2 protein chains.
Amino acid sequence: MKELWKKFDEIELTHSSVHHLMAIFDLLQIHGYVRAVDIANYLNISRSSVSITIRKLKNRGYVTEDENKFYRLAAPGEQLIQTVLTKRGIIRIFFREVLNLPDHLAEAEACKIEHLLEEETGQKLMSFIGLYLSENKIAEDFRNIRTDFNYHCDTTEACTNCEADCYFASHPFEIDKPLRRTE
Amino acid sequence: MKELWKKFDEIELTHSSVHHLMAIFDLLQIHGYVRAVDIANYLNISRSSVSITIRKLKNRGYVTEDENKFYRLAAPGEQLIQTVLTKRGIIRIFFREVLNLPDHLAEAEACKIEHLLEEETGQKLMSFIGLYLSENKIAEDFRNIRTDFNYHCDTTEACTNCEADCYFASHPFEIDKPLRRTE
DNA sequence: TACTTTCGTTAAATATGTTTAACAATTGTT
DNA sequence: AACAATTGTTAAACATATTTAACGAAAGTA
């Protein structure tokens, strides 16, 4: 069970491969066709690298190619990038609208993790955002106090995420227990 | 600027290396010492793999070794795993207490992304949790309606995170704009 | 038609992380 | 002391992702 950390490597497609698929998706919308060289320019990598990666994606059934070597997304590829793009959108909105990260950072952070999180996480995050950003009076009140609230600490403890009078300094060993009494 | 996706590879230490550091941290607490074979057993990988990875971590100044090849974390290593562990804790609490993910999933998801997110993201997430889980009356009210709220959709649209009457279906192109009017 | 450019692929190289096998050195046991 | 087990390292191998260089084929141009 301590092999939890290895799950990172069990991700079906790498970050790189996912972006090859997304490049195909984007370029199809922009130009209506995609060749290897288009992907290479779009991602700013070499044609050879694209050639090799796409071959793998074809073998795995994510991409198809016509007689002129113009690419299409096969159904699994289409499906996969839809889920990734949806997750990215949700994560980005969360980072920007809930955490108030600057948009460029929200986007970069979403890009790094979009393909790593499970669908369930994406769904639950959307569910949360659905309420948080709603017209519901209580949600509105919460957003309003959230605007002014800024949790901060000032110690010199090891913890660098916040520094002193820290939330975790005062709840140091409670990570394994529910924080709120759930009665 | 479309090289945003390459930031994934600019992460200073790999997932694997970070876990080697965390293994040292854990094992020092458990046994008071750490040898290569201890790390290998703890992470369930071969001694050779550990030997190679640790050599790199020594060269980069994250790990030191005494005359008997017992390891210690150097200051940068200590500092790094503190930030990673803190981020993991925050993320895990968020997933479990805010999104209501089952704990095993919250933990696995946190493990996958803990080393990828910036410190700023960790801080902002902690700030959010600090309010959300507080005794503040409005926060309590919000938590209460949150308990019952479950956003759900039922379409057959491409989006697989939710399906129909979808939050994003109704706000399809607004990802690039603020969702809430910020007046 | 002949020359040039573009394009896809392959080969060889680099870099990371991993494995197994072999080896040397140390430690434990009898 | 002699044999056995444990430990760390290195070498060779594999897998992934990337690069540059080279090559061949197709397309565009003169």
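Remember, predicted model here, so these are calculated numbers, not experimental data.
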N or O in side chain of [X] less than 4.0 angstrom from [N] OP1/OP2:
X: Arg55(B); N: dT10(D); answer: yes
X: Lys69(B); N: dA25(C); answer: no
X: Ser51(A); N: dG8(C); answer: no
X: Ser46(A); N: dT19(D); answer: yes

What is the distance from [atom1] of [X] to [atom2] of [N], rounded to the nearest Å?
X: His20(A); N: dG8(C); atom1: NE2; atom2: C1'; answer: 14 Å
X: Tyr71(A); N: dG8(C); atom1: OH; atom2: P; answer: 6 Å
X: Ile52(B); N: dA21(C); atom1: CD1; atom2: P; answer: 15 Å
X: Asn44(B); N: dT18(C); atom1: CG; atom2: P; answer: 12 Å
X: Phe70(B); N: dT6(D); atom1: CZ; atom2: C1'; answer: 12 Å
X: Asn59(A); N: dT16(D); atom1: CG; atom2: C1'; answer: 15 Å
X: Glu65(B); N: dG8(D); atom1: CD; atom2: P; answer: 9 Å
X: Ile54(B); N: dT16(C); atom1: CD1; atom2: C1'; answer: 15 Å

Please work out if [X] contacts a base, only the sugar-phosphate, or nothing of the nucleic acid, heavy-atom cut-off 4.0 Å.
X: His19(B); value: nothing
X: Ser16(A); value: sugar-phosphate
X: Ile45(A); value: sugar-phosphate

*Please tell me if the side chains of Ile81(A) and Tyr62(A) come closer than 4.5 Å, counting only heavy atoms from C-beta onward.*
no
*Compare all side-chain heavy atoms of Leu105(A) with those of Phe95(A) and state whether any distance is below 4.5 angstrom.*
no
Side chain of [X] only, heavy atoms from C-beta on: which candidate in [options] is closest?
X: Thr14(A); options: dT19(D), dA17(D), dT9(D); value: dA17(D)
X: Arg60(B); options: dC7(C), dT16(C), dT18(C); value: dT16(C)
X: Arg47(A); options: dT10(D), dG8(C), dT16(C); value: dG8(C)
X: Arg35(A); options: dT18(D), dG8(D), dC7(C); value: dC7(C)
X: Ser48(B); options: dT20(C), dT9(C), dT9(D); value: dT20(C)
X: Lys56(B); options: dT19(C), dG17(C), dT18(C); value: dG17(C)

*asked:* Ring-plane angle category for Phe94(B) and Phe94(A), please: parallel below 30°, perpendicular beyond 60°, tilted otherwise.
replied: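 Tilted: the ring planes of Phe94(B) and Phe94(A) meet at 30° to 60°.
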_N-O pairing of Lys112(B) and Glu118(A) below 4.0 Å_ =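 A salt bridge is present here (some side-chain N lies under 4.0 Å from a carboxylate O).
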*Is the closest basic N to carboxylate O distance between Lys137(A) and Glu140(A) below 4.0 Å?*
no
_Would Lys87(A) and Glu119(A) count as a salt bridge (charged side-chain N to carboxylate O under 4.0 Å, His left out) here? Give the steps._
CA-CA 8 Å; Lys87(A) 260 183 286 184; Glu119(A) 295 313 299; 2.8 Å; yes
*Considering heavy-atom distances to DNA chain D, does Ser17(A) or Asn68(B) have its closest nucleotide positioned more toward the 5' end?*
Asn68(B)
